[in-house]
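For reference, the structure discussed in these notes is given below.
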Amino acid sequence: MEFTASQIAALINGTIEGNRDDKINDVSKIEEGKPGTLTFLANPKYTQFIYETKASIVIVNESFKPEKDIAATLIRVKDAYTAFATLLDYYNKIKLDKKGISEKAHISAGCLLGNEIYIGEFAFLGEGVNIGDHSKIYPQVYLGDHVMLGKNTTIYPGVKIYSDVVIGNNCIIHAGVIIGSDGFGFAPQAENNYSKVAQIGNVVIEDDVEIGSNTTIDRATLGSTIIKKGAKIDNLIQIAHNVEIGENTVIAAQTGISGSTRIGKNCMIGGQVGIIGHLTIADEVKIAAQSGVGKNIINKGEIVQGSPAFDISSYRKSYIHFKNLHEIKTKLDNLEKEINKPK
Amino acid sequence: MEFTASQIAALINGTIEGNRDDKINDVSKIEEGKPGTLTFLANPKYTQFIYETKASIVIVNESFKPEKDIAATLIRVKDAYTAFATLLDYYNKIKLDKKGISEKAHISAGCLLGNEIYIGEFAFLGEGVNIGDHSKIYPQVYLGDHVMLGKNTTIYPGVKIYSDVVIGNNCIIHAGVIIGSDGFGFAPQAENNYSKVAQIGNVVIEDDVEIGSNTTIDRATLGSTIIKKGAKIDNLIQIAHNVEIGENTVIAAQTGISGSTRIGKNCMIGGQVGIIGHLTIADEVKIAAQSGVGKNIINKGEIVQGSPAFDISSYRKSYIHFKNLHEIKTKLDNLEKEINKPK
Amino acid sequence: MEFTASQIAALINGTIEGNRDDKINDVSKIEEGKPGTLTFLANPKYTQFIYETKASIVIVNESFKPEKDIAATLIRVKDAYTAFATLLDYYNKIKLDKKGISEKAHISAGCLLGNEIYIGEFAFLGEGVNIGDHSKIYPQVYLGDHVMLGKNTTIYPGVKIYSDVVIGNNCIIHAGVIIGSDGFGFAPQAENNYSKVAQIGNVVIEDDVEIGSNTTIDRATLGSTIIKKGAKIDNLIQIAHNVEIGENTVIAAQTGISGSTRIGKNCMIGGQVGIIGHLTIADEVKIAAQSGVGKNIINKGEIVQGSPAFDISSYRKSYIHFKNLHEIKTKLDNLEKEINKPK
């Protein structure tokens, strides 16, 4: 896709200084700008680069005053960062605007398909699947029987969604995600073996949720595993059966949450965190990366670290002493000698 | 699917109190019971809910004596929990009873297909694949050349099994699992680069094994990576080349086991545990979540925690002191002052 | 596949002692050798087994002098280990020598396909995909629009590569890997919710890179996430947007690297390591398994451990004291009593 300076200026309501017909077909960082690319200057720390950049067009703030000559065409807007982000969104929307239902997809009986949807090649829809308007099912996706998808939701290639899962509007599910697989439930038997506990609940994902690549979300034993509105879940995360994730909670990659734990809203959970089962985590809690949470966190906004985790400033204090444990031990040994020496 | 009270009573050998024709089409927890659902009361802590539940049918113990009126139809059985679990199994068996071989699957030459199997759309079977009776291959599964599957084994959508892997009877492999990919073996070369060591062994999975979503199990360099009978492996677990997992050992999500390590039988390994390579772990060992095991565990039934891991009660004692390190350090400093002060 | 002793001797330039017509169709370890298999003896520790092995053919060093009778046919070569490895490579090359373009693959307009390539069933190639000579695309792979693959690169089943990703020559990408999914970028909004930051960069993977099963590599926000020449990435690893991994760096399973971090060349990173975002890690750095790196590592060759990580020998010293914290605390308490007792 190619755009001219005047097309871009029109999209972001900007004024041009330079050649209206300059063309770009890619974007770049200002410090790495190449001919034929668009970039922006928002952070004053990067001002030096605007005089050297090879980018063809630079979006700048209205208030920007150059101190030297600039080779690039400028587009002045109120807020350069926001304008650039708007353009990227616009570009992505065009690029990702797939439509149509492939004849190579398999659509079982009783499916209800919305308007202007995309269903890619080798996608499989089980019986009675519902897809809302403007949703996109990429190639090689599996939607089990009676899966319900809202409007404007994107399911990237190779996602596997087991039967009866419900997903809301404006969700984005990245490639390789598994939703609705059996929870890890086994009843110990007499001979040290296990019998499987049937997992017949489902998973409910509310609106505006994004889920990263290869994350797994197990179905509930009974009832639902629930991801609430606006939650953002990164890659390779494990969410066990009957877990509930609160609204607008953000979870970084490779974190694992054990069965039946309920996480509040607006929490921020770092990467590689582990949380054991059947806990309650309050709203607005922050958990540092690699922490292991072993008990309820009841205070709103609490911040914890460690494995097991406790108050983050206490953890950090303890950890400084841990790093100095050899000196502490030496001091203790010296004191002991001092005390025990003959007087 | 819809069932009447009399159909359910027949299945679990129960006696009805109420309307034999009450119908249910779903199950619920007693505290969340909705009309048209079946639930059960086994734990006395939940007795209060039976008087309020909106569920249409409740399975109760023969011994249960109501203290107030109950709106729901009751089915009395010897053991309500077991009867309910039996029904869920029955329900799941019907629901998951897929059969038939899709014309949209690709089946290469020389495959041996058992009776009453299911092969879903866009599944790929390489040359000489064997599938036992009653096994199910969901859509988009890949079975490499000469993969052998036993009877009554279920392979969920999108599982990828490389060539020569052998899987027993009554196994369940969840979506996105990768079995038989190359072990991570590289020989250092003169220029700091690496040459690949060919991985030509396979993976053997014995009977009654369940493997969770997106778990990865690498093939052996030579010989076999082995998962023994009855082992239960959760989601997103890494099992490296030539590892051996003992009978009925249970491993929680996101744990990683490095190359050539042998784990005993009846072990319980928590989530996010790491075990280095070439170790031997005794039978019945328990490893706490997030632990890192760096040496052999030779005593049967040992319980460890920490990174590196050691005896769990020692770890917990040390960790309590770790949390108080600031107080310990302060006390030490005060003692030092005390001793050094002029007398 | 079956080979005779004379065929094998010809391949590795060896001399036969025994029956030239002995046949093998598999390989084995010398201590587990079965009839019809090939094995080798390189490590003197295993010499005892050559007198008992049931393997039909054993490759030995020229210098090997038997002390008893050996039942197997011997093939003598300069270096038995290297010769055996060469044979395994040869065997694997024949076994994995897939060719041809399946009619059940979907190839969009504008693709450029090299010579002697393999494209398996149900693979999807978007618009303008380029595939170099001798590359292999296994079944059920997804290559988004404008993906570029070099020569002699293997993409195993079910890999999903988003649009605009560039992959070099001689790469191996294992099953279930996701490359080019959106980075985890969200801008906080007024009502505690988040708006998505468009991720319009790509991923560039240079030559000779191997990536393990179910690993995820996110596309850059702007610019490229880069994996440099010769890097080896194990299973279930998370590589976030705009990360850069240096040449010949090796990363073990389940490690996670946060956004914009740059890792030097020839580094060795253990399993389950976490590295936070926007850091720089020097060349030849080693990071112990399960460590958490929270700041830049500026010294070439530094070795670190811990969460947060610091110098490994200091960590180990501190950890020994941590294990003895109860004794340290007891000693401190005793000293205190000693000092405070009436004199």
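Throughout, protein chains are lettered first and strands after them, A, B, ... in sequence-line order, and every chain is numbered starting at 1.
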Which answer fits [X], side chain, backbone, both or neither, if we ask what part of it has an atom under 4.5 Å from a heavy atom of chain C?
X      : result
A:E336 : both
A:S213 : both
A:N266 : side chain
A:F84  : side chain
A:K232 : both
A:A85  : neither
A:Y319 : side chain

For chain C, which candidate among [options] shows the most heavy-atom pairs at distances under 4.5 Å?
options                       : answer
A:E32, A:Q254, A:E247, A:E210 : A:Q254
A:N92, A:V250, A:N235         : A:N235
A:L335, A:I233, A:I172        : A:I233

Is it true that the side chains of [X] and [Y] contain a donor and an acceptor less than 3.5 Å apart?
X      : Y      : result
C:N242 : C:T225 : no
C:Q199 : C:T221 : yes
C:Q305 : C:S291 : no
C:S224 : C:N202 : yes

Heavy-atom pair of closest approach, residues A:G271 and A:A252: N-CB, 3.4 Å
Nearest non-hydrogen partners of A:Q140 and A:K160, listed with the distance: O-NZ, 2.8 Å
Among the listed options [options], the residue most often paired with chain A at heavy-atom distances under 4.5 Å:
options                        : value
C:V197, C:I237, C:D182, C:D145 : C:D182
C:G292, C:G201, C:S258, C:S195 : C:G292
C:G180, C:G256, C:A240, C:G223 : C:G256

Plane angle bin for A:H106 and A:F124 - parallel if under 30°, tilted between 30 and 60°, otherwise perpendicular: parallel
Parallel, tilted or perpendicular: ring planes of A:Y156 versus A:H174, cut at 30 and 60 degrees: parallel
Steps toward side chain to side chain contact (heavy atoms under 4.5 Å, CB included) verdict (C:I245, C:I251): CA-CA 10 Å; C:I245 309 284; C:I251 306 180; 3.8 Å; yes
Part of residues 93-100 of chain A lying next to chain C, heavy-atom separation under 4.5 Å: A:K95, A:K98
Chain A contact via C:F310 - side chain, backbone, both or neither, heavy atoms under 4.5 Å: side chain
Salt bridge present between A:E121 and A:K104 (N-O < 4.0 angstrom): no
Residues of residues 323-333 of chain C with any heavy atom under 4.5 Å of a heavy atom in chain A: C:L325, C:I328, C:K331, C:L332
Test applied, side-chain hydrogen bond (donor to acceptor under 3.5 Å, both in side chains); reference residue, A:K229; option that passes from A:D207, A:N248, A:D208: A:D208
